[in-house]
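Notes follow the structure.
Start at 1 and go down the list; that is how both ligands and their atoms are numbered.
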Amino acid sequence: MRLRDPDTGDDIDDAITLWFPAPASVTGEDVAEFQVHGSRAVLTALMAALSRMGLRLAEPGEFTRRAFFNGKLDLVQAEAIADLTAAETEAQRRQALRQLDGHLGALYHGWSARLLRGLAHLEAVIDFPDEDLPPETEAEIATETKALAAEIGDHLADNRRGERLRDGIAIAIVGPPNAGKSSLLNKLAQREAAITSPIAGTTRDVIEVAIDLGGYPVVLADTAGLRDSADVIEQEGLRRALARAEAAELRLFVFDARRPEDAAGAVAWPGPDTVLVANKIDLVAGRAGLPGEAFAVSALTGDGIGGLVAELARQIAADYDGVAPLLTRARHRAALEQAHDALLRSLAAPLAELRAEDLRLAWRSLGRITGQVDVEDLLDVIFADFCLGK
Ligand code: GDP
């Protein structure tokens with residue numbers, strides 16, 4: 001339809017307009033949507049006409065905030081929208097979408113409801129000691145509290161997988177100097193992210209690149225060549241490299257295929273999380289002398305890189321796919337830890353009144369995650385993450 005300026009009568013644009021009446025709209029309020037030709041001139045004219053009618057641009061996250069206040073979303077879902085708009089890889093998109101679908105919220109709501117039931121029963125025991133409450137009520141509450149503490153504890157002990165999936169799974173590239181670590185990082189990142197040079201020990205600090213590895217967000221860290229050095233800066237680089245490698249989820253131990261004896265250096269990181277990579281395969285004939293489990297690649301020619309990427313993606317998938325809803329945010333973790341602590345305190349408390357108080361605290365902590373209880377102070381922080389128009 002033709003959009004016209006109501007004051008001047010000037011034509012603004014040919015547009016599609018959609019009307020979503022409350023309460024079925026995305027925010028729960030009446031919503032009008034204009035689909036216009038998105039040029040600056042059209043937008044300026046349209047916005048000028050609309051603002052004369054007393055309308056204004058939404059603040060970042062305002063639509064989602066209204067949807068939350070109108071009960072269209074809980075806080076966990078609102079955060080999922082922020083994650084969905086920021087998602088860069090398939091795995092991040094899937095996780096955010098699952099969260100938006102309410103799987104994570106349902107888990108927290110479920111715990112919250114069970115807690116509230118336990119709390120209500122305990123308060124009945126306290127308030128009506130003379131009533132004929134079943135004698136086993138208190139024991140049942142304790143059993144349920146124990147079960148909840150165990151479930152929340154398991155959810156917390158997830159090795160931060162959900163948070164890592166949001167922020168990037170850390171893979172550290174380690175190995176002796178000049179093995180081709182920076183070259184491999186470049187090859188994996190498919191751009192010149194780290195400086196390669198033929199002089200040993202040039203990567204003095206930790207260089208990080210965020211990449212999409214087979215659909216998973218990965219933060220690759222190239223570390224300083226592992227060798228003894230008197231150079232203070234290089235030693236500091238080495239210390240950081242070791243710390244990074246320790247903390248990483250997977251490690252690529254890269255060595256020069258011409259020096260198979262260097263593969264022994266990987267013993268510092270035993271276990272399946274360390275992948276052996278024999279680089280510079282273009283410089284040797286065949287795999288003679290290489291450990292059987294080593295991936296033979298050439299960061300120069302790209303030989304074997306596809307196989308290495310597939311193996312890394314397989315290992316990540318084994319760890320991340322098909323598991324129960326994952327904890328995705330530090331905010332949720334903090335609240336769950338508080339809830340967990342309160343449940344444990346409740347179990348140890350000698351008096352029913354104290355047990356009830358701790359159950360109440362646990363319930364409030366859980367409620368803060370989804371936005372059921374006192375969240376006013378949290379809202380600004382959460383919605384500040386949003387971009388305009390969401
Ligand atoms: P780093 O010290 O382990 O980071 O090693 P670099 O990535 O800086 O590489 C050291 C040298 O080896 C550079 O001159 C690279 O060009 C060279 N290099 C790296 N990978 C390969 C490879 O696969 N084949 C060949 N022929 N040379 C490579």
Side-chain angles (χ1 to χ4, degrees), residues 168-211 213-214 218-270 273-313:
I169 298 155
I171 299 186
I173 305 180
V174 293
N178 249 4
K181 297 182 295 298
S182 313
S183 307
L184 182 65
L185 176 117
N186 285 340
K187 198 75 198 169
L188 291 171
Q190 284 165 347
R191 58 188 153 95
E192 294 293 314
I195 307 138
T196 55
S197 110
I199 308 153
T202 46
T203 316
R204 288 193 163 162
D205 207 335
V206 181
I207 294 174
E208 288 191 331
V209 248
I211 64 166
L213 195 144
V218 161
V219 178
L220 268 181
D222 177 19
T223 58
L226 301 177
R227 61 169 195 176
D228 296 330
S229 168
D231 184 327
V232 180
I233 302 175
E234 206 168 88
Q235 275 180 357
E236 173 59 17
L238 189 60
R239 198 192 56 75
R240 290 191 205 173
L242 289 171
R244 187 60 57 97
E246 280 302 324
E249 215 148 327
L250 288 173
R251 279 159 293 276
L252 300 182
F253 185 91
V254 182
F255 63 98
D256 190 324
R258 292 170 298 179
R259 302 171 50 87
E261 66 276 15
D262 283 356
V267 293
W269 293 283
D273 305 338
T274 301
V275 177
L276 266 187
V277 180
N279 187 37
K280 308 194 189 184
I281 198 76
D282 55 298
L283 298 179
V284 298
R287 302 185 46 114
L290 294 180
E293 69 277 23
F295 278 81
V297 305
S298 168
L300 194 68
T301 65
D303 244 16
I305 299 289
L308 178 62
V309 168
E311 167 63 13
L312 296 177

Counting distance only, does the side-chain N/O of R251 pair as donor-acceptor with the main-chain N or O of A172 below 3.5 Å?
-> no
Which of the listed options, A299, A278, G175, A179, holds the heavy atom that is closest to atom 23 (O) of ligand 1?
-> A299
Does A179 offer a backbone N or O that forms a donor-acceptor pair with the side chain of N279 under 3.5 Å?
-> yes
Between D282 and T301, do the side chains contain an N or O donor and an N or O acceptor separated by less than 3.5 Å?
-> no
P260 versus F255, closest heavy-atom pair with distance | CA-CE1, 3.9 Å
From the options S183, P177, G180, select the one whose nearest heavy atom is closest to atom 16 (O) of ligand 1.
-> S183
Ligand 1 contact on L283 by region, counting heavy-atom pairs under 4.0 Å | side chain
Could you pull out, from R258, K181, K280, K187, the option with a heavy atom nearest to atom 17 (C) of ligand 1?
-> K280
Return a yes/no value for L300: is any of its N or O atoms, backbone included, closer than 3.5 angstrom to an N or O of ligand 1?
-> yes
What atoms in ligand 1 come closer than 4.0 Å to a heavy atom of S298?
-> 22 (C), 23 (O), 24 (N)
Given that the side chain starts at C-beta and the backbone is N, CA, C, O, which of these parts of D282 lies under 4.0 Å from ligand 1, counting heavy atoms, or is it both or neither?
-> side chain
For I281, does its backbone N or O pair with a side-chain atom of S298 as donor and acceptor, under 3.5 Å?
-> no
May I ask you to decide whether D256 forms a salt bridge with K280, counting only side-chain N to carboxylate O separations under 4.0 Å?
-> yes
